[in-house]
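Notes follow the structure.
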Amino acid sequence: MKKTTFKNILYLALFLPLIIFAQEKSAGLENTKCLSDQYNSQLLSSNPNMMGSESFQRMIDTKIEQIKSQRNSNQMVVITIPTVVHVLHNGEPIGTGANISDAQVISQITVMNEDFRRMLGTPGGANTSGFAVDVEVEFCLAQRTPDGCPTSGINRVNICQDGTDSAAVDYWKAQTSWNPSSYMNMWSSKYVGDLDGILGFAQFPGGTPATDGVSAGHTFFGSSDYDDGSFQTSPPYDKGRTMTHEVGHYLGLYHTFQGGCTAPGDQIDDTPYAAAPNFGCSPNTSCGTADMIQNYMDYTDDTCMDTFTAGQKTRVTAVLSSSRAGLATSNGCTPPAPVSNDGSSLIETLNIETCGPQFTPDIRVFNYGTSIMTSATITYDVDGAGAQIYNWTGSLTEGQSDLVTLPTITSTVGSHDFNIAISNPNGTTDTRACNNNATACLTLNSTPTTVDANSLEFTLTTDDYGSETTWEFKDSSGTLLYSGGPYANNTTYNQVFNISNDCFSFTINDSYGDGICCSFGTGSYELKTDAAAGGTVIVSGGDFTNSETTIISVNYLGVEDYFINSEISLYPNPTSDFLNIRADESNLPDGYKIYN
């Protein structure tokens, strides 16, 4: 067991500076799964009283002593934390890519409740360490927004970019955060760049309000134990323990290996010192004692974790009675008072056309009023201009919704904002206007490159980090026809795409965000028509950031197409004597060859 002491100089040693990835990739982060230490060490300089400072530790020590003195008086109560999950995505349909499903989000809340409450009969209640306790903290998906509107607690945000590095996560945190004094903000997104290979990170108590909360890569969010077929999770970190771990940081806990074998370690008396993080599920001894590999604040696989200790519980309770006291008194888990007429709308999918600047949006109409909603007016526009009206009719009871496909919209090539607003539910005034409007960004495609071929040839030469490179080839409906990667380093690969008359998109990706040329090797790619079509290069390169997309339209005229288009026919067919050839005089061919 540890005897807790505090020396401010240790914190300066324990918190590594945030690594700047300018000249080399991921240096020193190969075995880092949680970026919280590095992230918060940067915040500490501008937030000198946050967790990690001597002043914070003095405050929390005082709170801990108060809690210990009160514990025998049976005054402990369960605290429920209102939680909002911001799903950052790139316009994918719900349940696809970074736009994870509602079920995947809900499974994460379920797992956190199992773990923090040590629920018997669940993995979180196993107590294989013999030291696990009920932390007496629960989580609910928020039932009301900060401005008093009903909500599911899931906030989907189309960020119009394929993935987020650490800078992008912080930017979108500030853009989407709900009042951090009343809600715990969680963000799920596709991790790229300096977050590639990281599972998640959290902001310690007392940091910058605009970025306060916890973040995880979308495949490490939620538990595959509750998979309804829509989940996208990555074993062995697929049981929801990434967020249990990060929420532990958010509530004031350090890694169990904080400071190695040197006091004060993680500031908890009943967690053994650990020299380094543990991986997998194998028992390990360091610092003269067995490491507590079951602890949620280690790096072991999700299936190994089942323990918060009594000392960790006390520290969490101290944080919730001080720097995060607002969460305990928040009304975020309480639905707003009922009203008769309350229509709401959101943009679900934009359905952007592959070939050309068109899209066909799907929107969802909600009734949050107690009266059955039978009509409403939907106003929509692109970039605030050319507003159009859609008159919705139907029958929705309170809490029900209807998916509506609006007419196809043609705009201009490039980036736009699509806006919708609902009004006049049941022909009357909407009692709550705070949920009437929604906006989504989108990028419309240009006119595609047209080719006349029945196959394409793709050649790829990887750079020094071939494992970062992937690509996809899709048809106009978004069906994935071909894909590849990750790859070996500095290796050449070839692929043939068989095609027909259609529009196709080819996208090459680099998970780190620096393309495949030219800082780390001389990678390149080329896509061209087959030799029969002249071997014309459609696109080539390698100097891009996260991804590069090329749109291709195939207009291949075969023999049958020529005969039909030119109205040429042969009769009688079959024949044993005479053969007649009929053609429009304006489409007479230069010559004929008749084959038996």
Side-chain angles (χ1 to χ4, degrees), residues 31-36 81 83 85 87 95 97-98 100-135 137-141 154 184 186-191 195 197-202 214-251 253 255-257 277-284 291-309 312 316:
N31 294 319
T32 300
K33 300 303 179 185
C34 165
L35 203 64
S36 295
I81 298 177
T83 303
V85 178
V87 179
I100 60 176
S101 66
D102 285 5
Q104 188 168 341
V105 171
I106 292 168
S107 76
Q108 182 61 70
I109 304 300
T110 299
V111 167
M112 292 191 311
N113 284 328
E114 293 172 354
D115 294 348
F116 278 84
R117 292 305 313 276
R118 198 172 80 80
M119 290 185 180
L120 298 179
T122 74
N127 190 20
T128 57
S129 70
F131 288 92
V133 300
D134 176 1
V135 181
V137 172
E138 293 181 351
F139 307 87
C140 81
L141 280 171
I154 302 173
M184 180 175 73
M186 304 178 75
W187 287 270
S188 166
S189 62
K190 177 182 176 181
Y191 277 5
L195 294 181
I198 300 296
L199 306 186
F201 63 99
V214 293
S215 169
H218 72 287
T219 61
F220 310 115
F221 198 103
S223 171
S224 60
D225 287 344
Y226 297 95
D227 190 357
D228 63 355
S230 68
F231 288 22
Q232 304 163 74
T233 52
S234 301
Y237 306 107
D238 62 333
K239 304 300 182 185
R241 282 356 180 320
T242 292
M243 273 293 144
T244 297
H245 176 106
E246 300 306 341
V247 171
H249 285 315
Y250 170 85
L251 294 176
L253 301 180
H255 291 127
T256 53
F257 51 86
N278 289 283
F279 298 88
C281 289
S282 299
N284 186 52
D291 292 352
M292 190 181 283
I293 63 169
Q294 303 93 338
N295 200 285
Y296 293 115
M297 303 313 294
D298 204 342
Y299 273 5
T300 47
D301 293 352
D302 281 16
T303 53
C304 313
M305 294 180 168
D306 61 24
T307 298
F308 284 122
T309 67
Q312 289 174 317
V316 166

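All of these numbers come straight from a predicted model, not from anything done at the bench.
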Original post:
Which atom names give the shortest non-hydrogen contact between Ser223 and Val111, and what distance separates them?
Top reply: CB-CG2, 3.4 Å

Subject >> Heavy-atom side-chain proximity of Val85 to Gln108 below 4.5 angstrom >> reply: no

**OP:** Rounded to the nearest 0.5 Å, what's the gap from CG on Asp227 to OG1 on Thr233? Could you check?
**Re:** 6.0 Å

Original post:
Mind checking whether Val135 and Leu251 have side chains closer than 4.5 Å, heavy atoms only?
Top reply: no

Original post:
Is the backbone N or O of Ser101 less than 3.5 Å from a side-chain atom of Gln104, with the two atoms forming a donor-acceptor pair by type?
Top reply: no

Original post:
So, does Asn113 use its side chain to make a donor-acceptor pair with the main chain of Phe139 at under 3.5 Å?
Top reply: yes

Original post:
Is there a side-chain contact between Gln294 and Phe131, using heavy atoms and a 4.5 Å cut-off?
Top reply: no

Original post:
Less than 4.5 Å apart, any side-chain heavy atom of Asp301 and any of Tyr237?
Top reply: yes

Subject >> Rounded distance [0.5 Å steps], SG in Cys34 versus CD1 in Ile198 >> reply: 8.0 Å

**OP:** Check side chain to side chain contact (heavy atoms under 4.5 Å, CB included) between Thr110 and all other residues, then give those that pass, not counting sequence neighbours.
**Re:** Ile106, Glu114, Tyr226

Original post:
Asp115: what forms a side chain to side chain donor-acceptor pair (under 3.5 Å) with it, not counting sequence neighbours?
Top reply: Arg241, Thr244, Tyr296

Subject >> Any donor-acceptor pair under 3.5 Å from Asp306 side chain to Thr128 backbone >> reply: yes

**OP:** Report yes or no: does Thr300 contribute a side-chain atom to a donor-acceptor pair with the main-chain N or O of Ile293 at less than 3.5 Å?
**Re:** yes

**OP:** Ignoring hydrogens and angles, state whether a donor on the side chain of Ser230 or Asp228 is under 3.5 Å from an acceptor on the partner side chain.
**Re:** yes

Subject >> Backbone of Ala132 reached by a side-chain donor or acceptor of Asn127 within 3.5 Å >> reply: yes

**OP:** Check for a donor-acceptor pair, side chain of Tyr191 on one end and backbone N or O of Ala216 on the other, with a separation under 3.5 Å.
**Re:** yes

Subject >> Check against side chain to side chain donor-acceptor pair (under 3.5 Å), Glu246 and Ser36 >> reply: CA-CA 8 Å; Glu246 300 306 341; Ser36 295; 3.0 Å; yes

Subject >> By disulfide bond (SG atoms under 2.5 Å apart) - contacts of Cys304 (at least two apart) >> reply: Cys281

Original post:
Is there side-chain contact between Met292 and Asp298, with at least one heavy-atom pair below 4.5 Å?
Top reply: no

Subject >> Validation row: Val214, Met243 side chains within 4.5 angstrom (heavy atoms) >> reply: yes

Original post:
Roughly how far, to the nearest 0.5 Å, is the OH atom of Tyr299 from the NE2 atom of His255?
Top reply: 4.0 Å

Original post:
Do Phe308 and Val316 have side chains that get closer than 4.5 Å, going by heavy atoms?
Top reply: no

**OP:** Please answer whether the main-chain N or O of Asp238 pairs with a side-chain N or O of Asp302 as donor and acceptor at a distance below 3.5 Å.
**Re:** yes

Original post:
Donor-acceptor pair, Gln232 side chain versus Thr219 backbone, under 3.5 Å?
Top reply: no

Original post:
Does a side-chain heavy-atom distance below 4.5 Å link Met297 with Met305?
Top reply: no

